[in-house]
Structure formats: C-alpha cells, structure tokens
Amino acid sequence: MGLRRAFGTTRKHRSGRWGAEYTHPISRERVLPGHSFRTKADALKWLATAEVDLDRGQLLDPSGTKQTFESYATTWLAGRNDLRPKTLLLYDYLLRVHLLPHLGEAPMGKIDPATIRRWHGTVSAGDQSAVTTAKAYRLLRQIMQAAVDDMLLRANPCTLKNVSVEHSAERATPSIDEARRIADAIKPEYRLMVMLAAVAGLRRGECLALRRRNLIETNGIWTVVVDASIVFVKGEAILQPPKTSAGVRRLTLPAVLATVVEEHVATYGPFKPDDLVFVDRRTGETPTVTVWRRVWLHARDAPGRVHVPRSTPPCRHAQRHGRRKHPGVDGANGPLVAEGCAALPAPG
C-alpha cells in the first residue's frame, strides 16, 4: 500500500526496496527517479530534495528534458528577435551544418559534458576552419545556457576550456602609399571610400552607410560622423546602427582626406542631406556585393598597381589594430590614425 505525504508518494516493492514519485506541478507529468532506493528514508530524501528545488524555483521540467535538441534549438533561434540579420543568418548556418547533424536527435536531458566533448572532437576533425568551430561552440553554449534558464538542465554541459576563442590569422593589408595607388586605380566614385578606410579606419559597411549629412565642413576642416553601417544578408543591403555606443564616433579628417572629400562632393553632387555618399552610378543605389567585388578586384589587380594576395584580402576589421595617436586624425576619444597596417574595404 502506498504511503502518501505532502509532496510525492513512496511505495515498498516486493523486493524490499522502495520507490518514489511525484507529479510535476507545471507539466502534471509523473516523475520517477529512474531507480529504486534501499530504504524508505532514502526515497523520502529524494522527494525532499525535489520539494526544495520546487520551492527555490529549480525543479526541472521533465517534459522539457525529453524534447530533442533540434526541437529546442530551432524554437530558441526562432524567438531571438534581438539578433541582427547577419548574426541570425550565421546562427542558422551553424545550427544546420555543425550542430543538428550531430546533436539534433539527442534529448536535452541527456546532453552532458561527455556528449559535448564527443561533438567537439567530431566537428574539430572536419574541413571547416578553427574559427568556425569556435563560433559553433559558442552558439551551442548559448543554447544550453538557455536550457538551464528554462529549467531543462541543472547546469550548462559546455565546460570545455579554451575552445571558444577565435585565432584568426593576420591578413595582408596595404600601406598608406599602396592605398593611394589603389585609390587611383579604382572607379573615381569610390576613391574617397578607399581613403576613408585607409586613413580614418572606417569599415566597408560604415563607408556605404555614410550620408551627406555625415560629412561636415567647418572653416575648411572636414569631419565625418559614423553612426550606421550597411550589411548584406542574402544579397540585400540592410542599414543598422552600431552594435555599441562606442561605434558612434566623429573623426576630424586630415588635409589629404579633406581634399578628396571636396572633390567627391563637387563631382557627384549636389547632395541632399540624406543622400548616400557612395552609390552605384548606374542604379543610384548602394552597390551590391557583386558590384563592389568586381570594382575592388579590378583596382587591386590593375597593371602596375599594388597586388594584395587573393588568398588574404584586406580585412575591413584590421584597422582596429595598429592605430596610434597622431595629430592628423582626431576622434571622439582622442587622436587616431591608421598607419601602415590600415585596412581597405574588402570585397567579401
């Protein structure tokens, strides 16, 4: 005969061992420990632990632990309305290619550190780069932490050390003199874009998002206000604000750039305040990735011009490194300059 208590039930089996169970207060599912107990006291202790977890809001949802990783992860990603379009596209790719083929059918409650180690060993042996593997692991860790927050797991099983750090190889980048030569070789309407990247350290997307109101002239001194960026998602140009407040900045341009700005404004104006500074002259719209790639490669590989190895295109993020204080270019947080390692807008 079962012995009832305030929380759960214990029962003595014919073997002399004890069983226990309780009904989950949310899912109303019957929860069993998965094994029997030697004494009634042990069974009561298991129920008492579950009751304490319930009072603390830490009682796991058994129905949730049984759902597959694919079910949970796809639902989690579908609900991430806070992600930028390009990040969402990246997460979708990592999930489909590197997570679901290996973990998709696994019940959430069965994914433990050993499962994660096996997954990482398998993925690391693949053809993708170490950077992609690190990104996939970070995504997996995010998903499993969400499962902890949703009371499907007690702890995050992603406990591997030093596997989420990306170690990207340094890419070849043109010097300022090389940048000038590329600027001379590129289509005239993009010459200012090349120089802004090389001297002021703007990324490709930041250059493409510039509007006439972002270029400000005061007593012959030009400044550029960087307050947005354009990213390409499935070929569509999407305008977005910087990720952080530090991404919004105002830079004073040196004389060499001021001259190029004046030439660009005079040649391709008149501009209304919200007109884009850089557009495909044929369409009047932001140049597509294909158009920009063609323009860039033509300038990069022009006869007699500097050659940047095709395997190591100038990285549009490299200008964040190697910049030193210099009176020529002033930023909101002090003087900045892009020196010999400054990057130009890359085609991809």
Side-chain angles (χ1 to χ4, degrees), residues 60-61 63-169 171 203-205 229-241 243 288-290 292-293 311 313 315-317 346-348:
L60 299 184
D61 180 1
S63 62
T65 62
K66 293 178 181 178
Q67 69 176 301
T68 64
F69 175 82
E70 180 175 9
S71 173
Y72 182 81
T74 52
T75 301
W76 173 84
L77 186 58
R80 290 297 306 272
N81 297 324
D82 58 313
L83 295 177
R84 290 171 174 253
K86 201 166 185 178
T87 302
L88 187 62
L89 193 66
L90 171 64
Y91 283 6
D92 178 71
Y93 164 77
L94 294 173
L95 186 63
R96 288 185 294 101
V97 176
H98 298 296
L99 298 183
L100 294 185
H102 308 285
L103 300 171
E105 297 302 318
M108 290 297 293
K110 297 294 185 181
I111 300 178
D112 56 13
T115 304
I116 302 300
R117 284 195 299 273
R118 288 193 297 270
W119 167 82
H120 188 263
T122 301
V123 173
S124 297
D127 296 333
Q128 75 286 338
S129 68
V131 170
T132 300
T133 300
K135 291 180 186 294
Y137 178 78
R138 289 204 304 273
L139 174 60
L140 177 58
R141 187 171 58 189
Q142 278 193 63
I143 295 171
M144 301 313 289
Q145 184 57 49
V148 173
D149 297 339
D150 289 342
M151 302 307 300
L152 273 62
L153 303 173
R154 294 192 184 279
N156 193 327
C158 295
T159 57
L160 299 179
K161 304 296 183 183
N162 303 319
V163 300
S164 62
V165 180
E166 298 177 23
H167 300 283
S168 299
R171 294 186 176 186
R203 296 182 174 95
R204 180 191 66 181
S229 180
I230 283 180
V231 297
F232 293 91
V233 177
K234 296 182 179 179
E236 179 184 359
I238 298 177
L239 182 70
Q240 62 185 24
K243 293 181 180 179
T288 65
V289 173
T290 301
W292 172 249
R293 188 187 303 273
S311 60
C315 176
R316 58 186 176 274
H317 299 288

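Throughout, residue positions are numbered sequentially from 1 according to the sequence presented.
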Looking at [atom1] of [X] and [atom2] of [Y], how far apart are the two atoms once the value is rounded to the nearest 0.5 Å?
X: Q128; Y: T133; atom1: CD; atom2: OG1; answer: 4.0 Å
X: C158; Y: R138; atom1: SG; atom2: CZ; answer: 12.5 Å
X: R118; Y: T115; atom1: CZ; atom2: OG1; answer: 4.5 Å
X: E70; Y: L100; atom1: CD; atom2: CG; answer: 5.0 Å
X: D112; Y: R117; atom1: CG; atom2: CZ; answer: 7.5 Å
X: S229; Y: R84; atom1: OG; atom2: CZ; answer: 8.0 Å

Query raised in the report: With under 30° as parallel and over 60° as perpendicular, where do the rings of H98 and Y93 fit, or are they tilted in between?
Result: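 Perpendicular, since the angle between the ring planes exceeds 60°.
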Query - Donor-acceptor contact present, side-chain D150 to main-chain L152, <3.5 Å - result: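 Flag not set: sc D150 to bb L152 has no pair under 3.5 Å.
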**Report entry** Side-chain (Y91) to main-chain (R80) donor-acceptor, under 3.5 angstrom
**Finding:**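 Side chain of Y91 to backbone of R80: no pair is present.
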Shortest non-hydrogen contact from [X] toward [Y]:
X: A73; Y: L95; value: CB-CD1, 3.8 Å
X: L90; Y: K135; value: CD2-CD, 4.3 Å
X: P85; Y: V233; value: CB-CG2, 3.7 Å
X: A136; Y: L99; value: O-CD2, 4.0 Å
X: Y72; Y: A147; value: OH-N, 3.1 Å
X: L153; Y: G109; value: CD2-CA, 4.0 Å

Query raised in the report: Between L140 and L103, does a side-chain contact (heavy atoms from CB on, under 4.5 Å) hold up when you go through it step by step?
Result: CA-CA 10 Å; L140 177 58; L103 300 171; 3.9 Å; yes
Requested in this report: For side-chain contact (heavy atoms from CB on, under 4.5 Å), just list the numbers for F69 and H102, CA-CA rounded to whole Å, side-chain angles, deciding distance to a tenth of an Å, and then say yes or no.
Outcome: CA-CA 10 Å; F69 175 82; H102 308 285; over 6 Å; no
Report task. Could you tell me whether the side chains of S129 and T132 share a donor-acceptor contact shorter than 3.5 Å? Result ->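 There is such a pair (donor and acceptor under 3.5 Å, judged by atom type) between the side chains of S129 and T132.
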Hey, does [Y] have a side-chain heavy atom less than 4.5 Å from the side chain of [X]?
X: V231; Y: Q240; answer: yes
X: H120; Y: V123; answer: no
X: L83; Y: L77; answer: yes
X: T159; Y: I116; answer: no

Query raised in the report: Would you find more than 12 non-hydrogen atoms of other residues, nucleotides or ligands less than 6.0 Å from E105 atom CD?
Result: no
Query raised in the report: Do M144 and V148 pass the side-chain contact (heavy atoms from CB on, under 4.5 Å) test, and can you show the C-alpha distance, the side-chain angles, and the key distance before you say yes or no?
Result: CA-CA 6 Å; M144 301 313 289; V148 173; 5.8 Å; no
Requested in this report: Any chance you could lay out the side-chain contact (heavy atoms from CB on, under 4.5 Å) test for L89 and K234, step after step, and finish with the verdict?
Outcome: CA-CA 9 Å; L89 193 66; K234 296 182 179 179; 3.4 Å; yes
